[in-house]
Amino acid sequence: MAQAQKITPRAKDYSEWYNDVIMQAELADYSPVRGCMVIRPHGYRIWELMQRALDDMFRATGHQNAYFPLFIPMSFLAKEAEHVEGFAKEVALVTHTRLKATGKAGAQAVAVDPESALEEPLVVRPTSETIIYAMFAKWIQSYRDLPLLMNQWCNIVRWELRTRLFLRTTEFLWQEGHTAHATEAEAEAEARQMLAVYRQFQEEWMAMPVITGRKTDSEKFAGALRTYALEALMQDRKALQAGTSHNLGQNFARAFNVQYQTAAGGLEYVWNTSWGVTTRMIGGLVMTHSDDNGLVAPPKLAPIQVVIVPIWKSEEEKGQVLGVGGKVKDELAKAGIRVELDSRDSLKPGAKYFEWEAKGVPVRLEIGPRDVAAGQVMTARRGGGKAPAKLDGLTTSIPGALDEIQATLFQAAKDRREAHSIRGATKARFLEFMKGGGGFAYGGFCGSPSCEAEIKQETAATVRVLPDPEFRSAEAPRTCMWCNKPSIA
RNA sequence: CGGGACGUAGCGCAGUCCGGUAGCGCACCUGAAUGGGGUUCAGGGGGUCGCGGGUUCAAAUCCCGCCGUCCCGACCA
């Protein structure tokens with residue numbers, strides 16, 4: 001275990017607090033490569049739990065996993081005009097395939113062999129639309145081949161200027177779904193369906209409330225017709241884009257010649273969608289729930305849901321409490337609970353409490369000689385509250401407690417978000433709101449890029465999402481809060 | 001690339017103004033006691049003071065150059 005030092009309070013420096021929580025929960029570490037991150041076992045376990053839940057949801061909606069290459073020929077990026085513009089500034093390139101010894105010492109002992117230059121450089125995928133649709137073109141012949149519903153779990157590289165653990169790293173892990181459909185309506189339905197899947201996952205599993213909607217043109221995915229996104233409010237009152245789903249129209253189908261023959265015999269371009277969520281969600285999880293004692297993990301995604309801390313003085317007591325602790329562990333594990341028995345002899349119980357709290361374990365069971373005698377354990381919840389519990393009822397009381405914690409975390413996050421939200425914002429109220437720290441402001445917006453840019457310039461606020469007109473309620477504002485022209489949202 | 005700060009042990013830092021044996025806290029190793037909310041005592045290991053040059057009897061400290069990192073902006077899942 002690394003040094004468990006006091007975590008910087010959230011109120012003092014949010015970025016520092018965020019880094020402290022991650023380091024002390026042992027979720028990740030900085031790597032020797034600038035901008036890259038090492039995900040440690042505790043953090044990776046969260047990702048595995050996320051993967052498993054999402055995979056089930058993807059499969060239930062008819063999608064299959066596949067894997068496409070890491071390298072993309074540079075010319076592929078050039079085929080879709082907006083796409084290349086969007087990613088040109090942040091790609092890593094492979095240009096050579098060999099090194100050679102120079103005979104010099106130290107760092108100069110090897111150099112790039114100029115004779116090994118590739119005829120066409122390879123791009124390390126910043127996203128896989130191009131290479132996937134190049135394959136789709138081979139696989140799709142007839143309307144009978146549609147819809148084609150695929151997903152891949154992989155790593156991608158975007159050479160970002162500034163990086164932050166989990167939120168924006170040079171290399172990151174994600175999932176990217178790619179589909180091809182016969183009609184625009186089908187593609188639109190797919191893009192929205194996957195947005196709904198993400199919402200369900202983020203609210204039910206991550207206990208992170210989100211708002212969804214369409215992105216403005218300035219924030220839409222490079223090459224998409226429409227981009228939908230999920231937005232969550234973090235504890236520093238800043239928005240986090242937690243996932244996106246794009247209706248790509250026929251842009252990539254035309255660029256990669258993905259055509260199918262219709263039942264009537266004609267030739268048509270397919271309609272594509274792509275959608276993805278990333279390890280950024282782990283950052284979102286940290287910023288949504290954690291406190292000044294460290295990580296708070298929602299039970300459904302907690303790598304360890306229950307930790308048992310035995311307490312003893314003599315060797316005799318040690319044997320007793322470890323015996324009971326071992327039995328409790330086996331029973332809970334058999335009931336499907338992720339449980340750990342901390343039998344280390346090198347730390348006092350109090351030190352163990354702090355350590356497991358920093359790692360976000362939702363429930364702690366303390367078992368000492370007094371508990372063994374009384375046939376009970378002390379239960380302590382991560383959010384506070386200690387109570388004794390009967391030994392023989394644990395397999396029902398613990399799952400109940402975990403469900404309750406999950407629900408409480410979601411409600412608390414929602415309450416926090418609403419405490420920093422205003423509805424029906426006017427320009428004056430909005431300016432005042434932003435001066436007071438901001439949050440989510442709901443208001444009318446005309447949709448013009450100039451208003452959007454002005455708002456950003458003057459208040460540092462960004463337009464996060466536009467609700468669809470069809471979801472627009474009767475009391476929705478009719479005019480732009482900034483310029484008073486008719487509102488589109 | 002523009003603005004600011006900083007580089008001294010694994011981490012966090014003091015020492016720099018005013019040159020004179022490289023220090024503190026945490027972590028790590030050994031031993032003993034301790035054990036229901038960060039345990040104590042004793043002993044121990046670990047540093048080309050970012051790099052290069054200059055001044056000086058003597059440089060972490062003064063001077064010059066370079067490199068790197070972090071924070072704020074532009075970019076972004």
Side-chain angles (χ1 to χ4, degrees), chain A residues 1-8 13-16 18-20 23-24 29-30 32 34-35 85-91 106-107 126-127 155-176 198 215 218-222 227-232 239-246 274-284 293-294 309-315 317-318 321 342-358 364-374 376-380 384 386 388 453 456-457 460 462:
Chain A
M1 175 72 191
Q3 65 285 6
Q5 283 171 8
K6 269 230 158 83
I7 291 171
T8 306
D13 182 333
Y14 195 82
S15 294
E16 215 175 303
Y18 174 76
N19 281 334
D20 285 353
M23 299 301 266
Q24 286 178 35
D29 203 350
Y30 297 101
R34 191 205 153 271
E85 206 178 307
F87 287 104
K89 297 159 290 180
E90 54 176 17
V91 292
T127 179
N155 59 335
I156 65 177
V157 167
R158 294 181 188 174
W159 216 263
E160 302 288 354
L161 300 172
R162 258 183 85 207
T163 59
R164 288 193 66 196
L165 291 173
F166 287 113
L167 301 179
R168 199 189 305 104
T169 47
T170 300
E171 178 188 5
F172 57 93
L173 303 181
W174 79 345
Q175 146 285 305
E176 50 179 324
Y198 288 153
K215 281 289 188 188
S218 73
E219 301 220 4
K220 139 195 121 160
F221 176 74
T227 289
Y228 297 99
L230 303 102
E231 299 281 342
L240 183 80
Q241 182 173 314
T244 48
S245 180
H246 317 288
S274 71
W275 26 274
V277 291
T278 78
T279 37
R280 172 183 278 185
M281 289 192 297
I282 297 175
N293 291 323
V309 178
I311 297 152
W312 69 77
K313 289 189 187 121
S314 63
E315 279 301 305
E317 285 174 349
K318 180 178 175 181
V321 296
D342 187 353
S343 55
R344 287 175 297 176
D345 203 356
S346 53
L347 290 175
K348 285 181 71 170
K352 292 181 181 177
Y353 300 165
F354 278 91
E355 190 176 311
W356 292 114
E357 271 165 22
R364 180 179 72 236
L365 301 182
E366 304 166 12
I367 305 181
R370 296 206 294 269
D371 301 301
V372 173
Q376 65 170 39
V377 299
M378 280 304 285
T379 68
K386 264 197 190 190
K456 194 169 179 180
Q457 178 97 47
T462 48

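Residue numbers start from 1 in every chain, and the chains themselves are labelled A, B, ... in the order their sequence lines are given, proteins ahead of strands.
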Any residue meeting side chain to side chain contact (heavy atoms under 4.5 Å, CB included) with A:Pro369, in chain and number order, not counting sequence neighbours: A:Glu317, A:Val321

Touch class at under 4.0 angstrom, heavy-atom based, for A:Met378 against every strand present: base

Sugar-phosphate only, base, or nothing, as touched by A:Gln241 at under 4.0 Å among non-hydrogen atoms: sugar-phosphate

Contacts of type side chain to side chain contact (heavy atoms under 4.5 Å, CB included), residue A:Arg164, not counting sequence neighbours: A:Ser15, A:Tyr18, A:Leu167

Results of salt bridge (Lys or Arg N to Asp or Glu O under 4.0 Å) for A:Lys318 - residues two or more places apart only: A:Asp345

Rounded distance in Å between the P positions of B:rG35 and B:rG25: 26 Å

Is_stacked (A:Phe172, B:rA77) at 5.5 Å, 30 deg: yes

Proximal nucleotide (of B:rC76, B:rG38, B:rC75) relative to the A:Ala351 side chain: B:rG38

Sugar-phosphate, base or nothing in reach of A:Ser245, heavy atoms under 4.0 Å: nothing

Opposite nucleotide pairing with B:rG25, Watson-Crick or G-U, both atom distances under 3.5 Å: B:rC11

Whether A:Trp275 and A:Tyr198 hold their rings parallel, tilted or perpendicular, with breakpoints at 30° and 60°: perpendicular

Taking N or O atoms only and anything under 3.5 Å, show me the protein contacts with nucleotides 33-35 of chain B, one pair per line.
residue, atom, partner, partner atom, Å
B:rG35, O2', A:Trp312, O, 3.0
B:rG35, N1, A:Asp345, OD1, 3.0
B:rG35, N2, A:Asp345, O, 3.2
B:rG35, N2, A:Asp345, OD1, 3.0

Shortest side-chain distance from A:Arg158, nucleotide among B:rC76, B:rC75, B:rG37: B:rC76

Interatomic distance where CZ belongs to A:Arg164 and C1' belongs to B:rG73 [whole Å]: 15 Å

Between B:rA14 and B:rC62 - P atom distance, rounded Å: 15 Å

P-based separation of B:rC41 from B:rG47 [nearest Å]: 26 Å

Sub-4.5 Å side-chain heavy-atom contact between A:Phe172 and A:Arg158: yes

G-U wobble or Watson-Crick pairing nucleotide for B:rA59 (cut-off 3.5 Å, both distances): none

Strand partner of B:rG68, provided both Watson-Crick or wobble distances fall under 3.5 Å: B:rC6

Counterpart residues, side-chain hydrogen bond (donor to acceptor under 3.5 Å, both in side chains), relative to A:Thr170 (two or more places apart): none

Main-chain N/O of A:Val277 paired to A:Gln175 side chain as donor or acceptor, under 3.5 Å: yes

Nearest-Å distance for atom pair CG/C1', residues A:Leu161 and B:rC71: 15 Å

Interatomic distance at P, B:rC13 relative to B:rU8, whole Å: 9 Å

Integer-rounded Å distance: B:rC26 C1' and A:Asp20 CG: 14 Å

All side chain to side chain contact (heavy atoms under 4.5 Å, CB included) counterparts of A:Glu231, not counting sequence neighbours: A:Ile211, A:Lys215, A:Ala229, A:Ala239, A:Gln241, A:Phe440, A:Arg464, A:Val465

Side chain proximity check, A:Thr127 to A:Glu176, heavy atoms < 4.5 angstrom: yes

Spacing between A:Glu219 atom CD and B:rC75 atom C1', to the nearest angstrom: 11 Å

Interatomic distance where NZ belongs to A:Lys220 and P belongs to B:rA77 [whole Å]: 13 Å

Base paired to B:rU16 (Watson-Crick or G-U; both N/O distances under 3.5 angstrom): none

Distance in angstrom units between A:Trp159 CH2 and B:rC1 P, rounded: 16 Å

P gap between B:rU40 and B:rU48, integer Å: 31 Å

Sugar-phosphate, base or nothing in reach of A:Glu357, heavy atoms under 4.0 Å: base

Donor-acceptor under 3.5 Å (A:Asn19 side chain, A:Glu16 main chain): no

Between CD on residue A:Glu357 and CG on residue A:Asn293, distance to nearest 0.5 Å: 5.5 Å

Distance between C1' atoms of B:rU16 and B:rC6 (Å, rounded): 14 Å

For B:rC49, the Watson-Crick or wobble partner whose two distances fall under 3.5 Å: none

Separation of atom CD1 in A:Ile7 from atom C1' in B:rC26, rounded to whole Å: 15 Å

Sugar-phosphate, base or nothing in reach of A:Gly276, heavy atoms under 4.0 Å: nothing

Complement of B:rC1, any strand, by Watson-Crick or G-U distances under 3.5 angstrom: B:rG73

Distance below 4.0 Å between A:Lys215 side-chain N/O and B:rC76 OP1 or OP2: no

Touch class at under 4.0 angstrom, heavy-atom based, for A:Ile156 against every strand present: nothing

Pairwise 5' ranking along RNA chain B for A:Tyr353 and A:Thr170, keeping only the more 5' one: A:Tyr353

Pairwise C1' distance for B:rA32 and B:rC70, with rounding to whole Å: 44 Å

Proximity to the side chain of A:Asp371 - top-ranked nucleotide from B:rU39, B:rG36, B:rA77: B:rG36

d(CD, A:Glu16; P, B:rG12) in whole Å: 10 Å

5' priority, RNA chain B, between A:Lys456 and A:Ile367 [closest heavy atom]: A:Ile367

Distance between C1' atoms of B:rC11 and B:rA27 (Å, rounded): 7 Å

A:Phe354 aromatic ring stacked with six-membered ring of B:rG38, 5.5 Å and 30°: yes

Under 3.5 Å on both distances, the Watson-Crick or G-U partner of B:rG36: none

Watson-Crick or G-U wobble partner of B:rA42, both distances under 3.5 Å: B:rU30

Of the listed nucleotides B:rG38, B:rG36, B:rC76, the one nearest the side chain of A:Glu366: B:rG36

